[in-house]
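For reference, the structure is listed below as structure tokens.
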Protein chains: 2
Amino acid sequence: MEMTHASVEERPYAAAQRLLTGAGLRPTRQRLHLARLLFADGPRHLTAEMLAQEVYEHGLKLPLGTVYNALHAFARAGLLREVAVDGTRTWFDTHTEPHHHFVDANGRLADIPAGAIELARLPAAPEGQEIQSVEIVLRLKRI
Amino acid sequence: MEMTHASVEERPYAAAQRLLTGAGLRPTRQRLHLARLLFADGPRHLTAEMLAQEVYEHGLKLPLGTVYNALHAFARAGLLREVAVDGTRTWFDTHTEPHHHFVDANGRLADIPAGAIELARLPAAPEGQEIQSVEIVLRLKRI
DNA sequence: ATAGCTGCAAATGCTTTGCAAGGCC
DNA sequence: GGCCTTGCAAAGCATTTGCAGCTAT
């Protein structure tokens, strides 16, 4: 009787469960909620606060600290990527392949489609170092 | 007698004075000090705190708030450029021409020489917007 | 059982702001 | 004199941390 009820509630989390377990993360209730919101649809760009707000709108309330902890755990596990494009807040991107971003006048992010931007030449890295990543940001303004 | 003494002390500030006045900024004592440190030599990348520390080492002590005010005034006047490459602090760059940056493992910035990096293709900006700037960051790691 | 999470609240670090006093034109 | 800037301290924000209690394995 518990079983039946539980399975109805938990089925939607099955994908999230696999995702977390596969990444070596404990599938806690909080993380499952977050993963479901993050990875249900296509690529997303959001801040911890935006995500906490979404959680809240879905009827659960998570402390911001927990949301940060989870997001960092996800990022460490390779499920998310942190993007630093403005000095004030951290964006988390569910799209983890190398790609670049538009930043609009309000500071919102959008992916630049793969292949739409291309480098013709890269400098050599300074002595004793190597290039780890290339990040291109195109800042937009309204016409 | 005042005259002579003053001129000896103020001569080093002549260039800074012209710079500020030319940019429409009042050449206050604090700004002159800062401008002298910032623009004496080649391109520099620093944070408000680093600059305040330098001021202190030169025998004057400026509140951080004043340093921030001055840096923002300089940036508004086009003497500096703010660079957001990490989510925690704001870098100020004395090099105002369009150019790109290396960010090393410690978060320190270095200019990428003009021409060492080149774009082959840019995406179209989304509807109703246009590209204002292109910012490329090459993150480095130690080998 | 136990290593790892969560919740909460306090702490942190950078940056901004308010406002009275001071300085430049 | 009038407006802008400074100094100082307090406030603001996003983020992190400490720690007791909980939970997944």
Side-chain angles (χ1 to χ4, degrees), chain A residues 2 6 10 13-14 16-35 45-53 55-56 60-77 79-80 82-92 107 109, chain B residues 2 6 9-10 13-14 16-35 45-53 55-56 60-77 79-80 82-92 106-107 109:
Chain A
E2 289 269 52
E10 314 250 312
Y13 292 89
Q17 170 114 235
R18 276 193 303 279
L19 193 72
L20 294 179
T21 307
L25 296 171
R26 279 197 191 172
T28 65
R29 188 157 66 99
Q30 296 79 343
R31 287 176 175 175
L32 287 167
H33 262 280
L34 294 171
H45 302 93
L46 22 69
T47 63
E49 195 141 344
M50 289 165 65
L51 182 55
Q53 176 59 28
V55 167
Y56 184 75
L60 187 68
K61 202 177 154 210
L62 292 185
L64 252 187
T66 296
V67 174
Y68 275 107
N69 286 342
L71 286 171
H72 287 139
F74 290 5
R76 251 179 277 121
L79 300 177
L80 288 178
E82 301 188 33
V83 186
V85 293
D86 85 66
T88 63
R89 46 210 199 146
T90 304
W91 288 90
F92 294 86
L109 298 197
Chain B
E2 289 269 52
E9 291 239 297
E10 314 248 312
Y13 292 88
Q17 171 111 238
R18 277 193 302 279
L19 194 73
L20 294 179
T21 306
L25 295 172
R26 278 196 192 171
T28 66
R29 189 159 64 103
Q30 295 79 345
R31 286 176 175 172
L32 287 167
H33 262 280
L34 295 172
H45 302 93
L46 22 70
T47 64
E49 197 141 343
M50 288 165 65
L51 182 56
Q53 176 59 29
V55 167
Y56 185 74
L60 187 67
K61 201 176 155 211
L62 292 185
L64 251 188
T66 295
V67 175
Y68 275 106
N69 285 344
L71 286 171
H72 288 138
F74 290 5
R76 251 179 277 121
L79 301 177
L80 288 178
E82 300 187 34
V83 185
V85 294
D86 85 67
T88 63
R89 45 212 198 140
T90 304
W91 288 89
F92 294 86
N106 303 312
L109 299 197

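On a predicted model such as this, the values are computed, not experimentally measured, just so you know. We name chains A, B, ... by the order of the sequence lines, and we start the count at 1 in each one.
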Per B:P63 side chain, nearest of listed nucleotides C:dC8, D:dT6, D:dC8: D:dC8
What I'd like to find out is whether the side chain of A:E82 reaches to under 4.5 Å of the side chain of A:L71, using heavy atoms alone. no
Would you check if B:F74 and B:L20 make a side-chain contact, meaning some heavy-atom pair closer than 4.5 Å? yes
Could you give the CG-to-C1' distance, from B:L62 to D:dA9, as a whole number of Å? 17 Å
For B:M50 and C:dC14, give me the distance from atom CE to atom C1', rounded to whole Å. 15 Å
How many Å lie between CZ on A:F74 and C1' on C:dT6, as a whole number? 13 Å
Could you check whether any side-chain heavy atom of A:L46 comes within less than 4.5 Å of a side-chain heavy atom of A:L109, counting everything from C-beta outward? no
Between NZ of B:K61 and P of D:dG7 the distance, given in whole Å, is 11 Å
Side chains of B:E49 and B:L64 in contact at under 4.5 Å (non-hydrogen atoms): yes
In this structure, how many angstroms lie between the P atom of C:dG4 and the CG atom of A:L20, rounded? 17 Å
Rounded to the Å, how far apart are B:L71 CG and C:dT17 P? 15 Å
In B/S/- notation, 5' to 3', how is nucleotides 20-25 of chain C contacted by protein heavy atoms closer than 4.0 Å? ---BBS
Generate the contact string for nucleotides 12-17 of chain D. Rules: B means base contact, S means sugar-phosphate contact only, - means no protein heavy atom under 4.0 Å. --SBBB
Between CG of B:L32 and P of D:dT5 the distance, given in whole Å, is 13 Å
Sidechain-backbone polar pair: B:N69 side chain, B:H72 backbone, donor-acceptor under 3.5 Å: no
If you round to the nearest 0.5 Å, how far is CG of B:L19 from CZ of B:R31? 12.0 Å
Say whether, by atom type as modelled, one donor and one acceptor occur between the side chain of B:T66 and the main chain of B:L62 under 3.5 angstrom. no
Measuring from B:T21:OG1 to B:R26:CZ, what's the distance to the nearest 0.5 Å? 11.5 Å
Could you tell me whether the phosphate oxygens of D:dG7, OP1 or OP2, come under 4.0 Å of any side-chain nitrogen or oxygen in B:Q30? yes
Show your reasoning for whether side chain to side chain contact (heavy atoms under 4.5 Å, CB included) applies to A:W91 and A:D86. CA-CA 9 Å; A:W91 288 90; A:D86 85 66; 3.6 Å; yes
